[in-house]
A.B. asks: 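Sharing a structure with you now.
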Amino acid sequence: MAENQNYNDLLHKNSYVFYRYPLTLVRGIPLMEPIANQWDPIENFQARPDDLIISTYPKAGTTWMQEIVDLVLNKGDLEKAHRAPIYVRIPFLEICSPPPMPSGVDKLVNAPSPRVIKTHLPYQLVPKSFWENNCKMIYVARNAKDNLVSYYFFDQMNLTQPDPGTWEEYLTKFMEGKVAWGSWYDHVRRYWDEKDNHRILYVFYEDMKKDLAHEIHRVKDFLQVDLSEDIVQKIVHKATFEIMKENPMANYETVPSSLFDKSKSSFMRKGTVGDWKNYFTVAQREVFDAHYQQKMKGTSLHFQEE
Ligand code: A3P
């Protein structure tokens, strides 16, 4: 708890200034500069066999899955789930800010087992040690268009990400994979291809929206946690968009405005499937869909976008 307090104190220090970091390529993947500068400790991170990784392309529903996993592991105990903000409960492996902020690796090295770890790294950049230790991973994927819209708004409010530019400009950058953590297409495809080679549970955001209880059952079975139906229903309720939006331990309201400018967009923005229709013109949709067909050719991976 003291560690959490220190972390939040540092985060709220007025003198602590964040800025929009440029992207730097790491093995061909654009990552925020502080991550690229600290790549060695990330690449050489030592996994433990009981680590659980939650991996996603940014804005695919990471926080939603983090909240669910934490509730499942704590058997629906709300007090435990309210012990700290989500980014403290489940550290972000590759995140690096200038000192004195601890990096994700710093926090995880000292964390007791079993650890739950968040990452956005594409498959090929995940530290080898996780695969060598046969760790479990939950991967969440979201349809490209909603993922893109969500990322566009997030890049406006997250003052450490490159400026998204106009909607039109951002659309092109996303299609070209020139955003932080690289190509959505490569990210979702590669994990899909690898899911049967490792202990990876592949979950779709759209399935969570359609039947959250069903997806929570998949998660608890994968984690081998025994829960009554009552507890599952309690977790469903706690993990709905409306409840999470009001939960300061899940909605990122504890992050200072020098980092997340909530006047631009809120973290828990809309939480829907099909919001892309409010932003894509007919012409943009046609271009995007044609490009999508090329990028996703030959895969058995399919998304619902309505
Ligand atoms: P929108 O911007 O479309 O609203 P991440 O955690 O990977 O950054 O993803 C954030 C996205 O997940 C946001 O999407 C956010 O609203 C959505 N989200 C978070 N919790 C959710 C929930 N309980 N139900 C539905 N969507 C949720």
Side-chain angles (χ1 to χ4, degrees), residues 32 53-72 78 81 85-95 116-122 138-161 164 167 170 174 179-182 184 187-188 191 203-216 219 233-255 259-262 264-280 303-306:
M32 289 192 294
I53 310 119
I54 298 174
S55 178
T56 57
Y57 189 78
K59 311 316 290 174
T62 329
T63 315
W64 196 6
M65 184 53 77
Q66 287 176 278
E67 183 71 359
I68 288 168
V69 164
D70 196 46
L71 283 163
V72 165
L78 300 184
I86 195 71
Y87 49 85
V88 173
R89 283 183 271 154
I90 300 182
F92 187 178
L93 174 67
E94 65 267 26
I95 209 66
V116 185
I117 301 168
K118 161 184 164 179
T119 187
H120 290 320
L121 292 174
I138 300 177
Y139 184 79
V140 186
R142 184 178 194 183
N143 80 78
K145 292 193 190 98
D146 283 328
N147 204 139
L148 153 58
V149 168
S150 182
Y151 210 174
Y152 173 61
F153 283 99
F154 183 65
D155 278 357
Q156 293 179 41
M157 65 94 85
N158 181 340
L159 302 177
T160 65
Q161 294 264 79
W167 162 247
Y170 196 76
F174 182 92
V179 291
W181 287 279
W184 174 92
H187 208 284
V188 297
Y191 277 102
V203 178
F204 293 95
Y205 179 98
E206 294 75 20
D207 286 343
M208 292 166 74
K209 281 300 287 187
K210 207 187 283 173
D211 188 348
L212 187 52
H214 183 263
E215 298 311 302
I216 291 174
V219 168
Q233 289 306 326
K234 193 170 154 189
I235 296 173
V236 168
H237 175 68
K238 208 51 205 168
T240 54
F241 181 81
E242 292 68 26
I243 298 286
M244 275 183 62
K245 192 176 170 65
E246 299 305 319
N247 177 0
M249 294 297 119
N251 65 11
Y252 279 86
E253 81 176 33
T254 46
V255 170
L259 179 53
F260 282 0
D261 181 352
K262 290 139 202 154
K264 300 263 169 58
S265 178
S266 62
F267 186 89
M268 299 288 296
R269 199 182 56 91
K270 286 192 187 168
T272 56
V273 179
D275 184 40
W276 61 269
K277 291 181 190 160
N278 296 316
Y279 302 96
F280 279 70
F303 287 88
Q304 305 152 68
E305 50 175 52
E306 318 250 341

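Start at 1 and go down the list; that is how both ligands and their atoms are numbered. Since this is a predicted model, take the numbers as computed values, not measurements.
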A.B. asks: Would you mind telling me if ligand 1 is within reach of the side chain of Phe153, the backbone, both or neither, using heavy atoms under 4.0 Å?
C.D. replies: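 The answer is neither.
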A.B. asks: Answer yes if the side chains of Ser55 and His120 hold a donor-acceptor pair under 3.5 Å, and no otherwise.
C.D. replies: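 Result is no, nothing qualifies.
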A.B. asks: Return the closest protein heavy atom for atom 8 (O) of ligand 1 as residue, atom name and distance.
C.D. replies: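 Residue, atom and distance for the closest contact: Lys59 NZ, 2.8 Å.
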A.B. asks: Answer yes if the side chains of Asn247 and Glu253 hold a donor-acceptor pair under 3.5 Å, and no otherwise.
C.D. replies: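 No pair is found: no donor N or O on one side chain lies under 3.5 Å from an acceptor on the other.
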A.B. asks: Name the closest protein heavy atom to atom 1 (P) of ligand 1, giving the residue it belongs to and the distance to 0.1 Å.
C.D. replies: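 Looking at atom 1 (P) of ligand 1, the protein heavy atom closest to it is Ser150 OG, 3.4 Å.
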A.B. asks: Could you find the nearest protein heavy atom to atom 6 (O) of ligand 1 and give me its residue, atom name and distance?
C.D. replies: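 Here the closest protein heavy atom is Thr63 OG1, 2.5 Å.
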A.B. asks: Check each heavy atom of Ala250 against ligand 1 and say whether those closer than 4.0 Å belong to the side chain, the backbone, both or neither.
C.D. replies: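 It is neither; nothing of Ala250 touches ligand 1.
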A.B. asks: If you measure from each non-hydrogen atom of Thr240 to ligand 1, which part falls under 4.0 Å: side chain, backbone, both or neither?
C.D. replies: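 The part of Thr240 near ligand 1 is the backbone, not the side chain.
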A.B. asks: Among protein heavy atoms, which lies nearest atom 17 (C) of ligand 1, and at what distance?
C.D. replies: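 Result for atom 17 (C) of ligand 1: Tyr205 OH, 3.9 Å.
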A.B. asks: Please report which non-hydrogen protein atom sits nearest to atom 23 (N) of ligand 1, along with the residue it belongs to and the distance in Å to one decimal place.
C.D. replies: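 Among all protein heavy atoms, the one nearest atom 23 (N) of ligand 1 is Ala239 O, 2.9 Å.
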A.B. asks: Taking heavy atoms and a distance under 4.0 Å, where does Arg142 meet ligand 1: side chain, backbone, both or neither?
C.D. replies: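 It is the side chain that touches ligand 1; the backbone stays farther off.
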A.B. asks: Are Lys59 and Phe154 in a cation-pi contact, defined as NZ or CZ under 6.0 Å from the six-membered ring centre and within 45° of the axis?
C.D. replies: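 Yes - Lys59 lies over the ring of Phe154, closer than 6.0 Å to its centre and within 45° of its axis.
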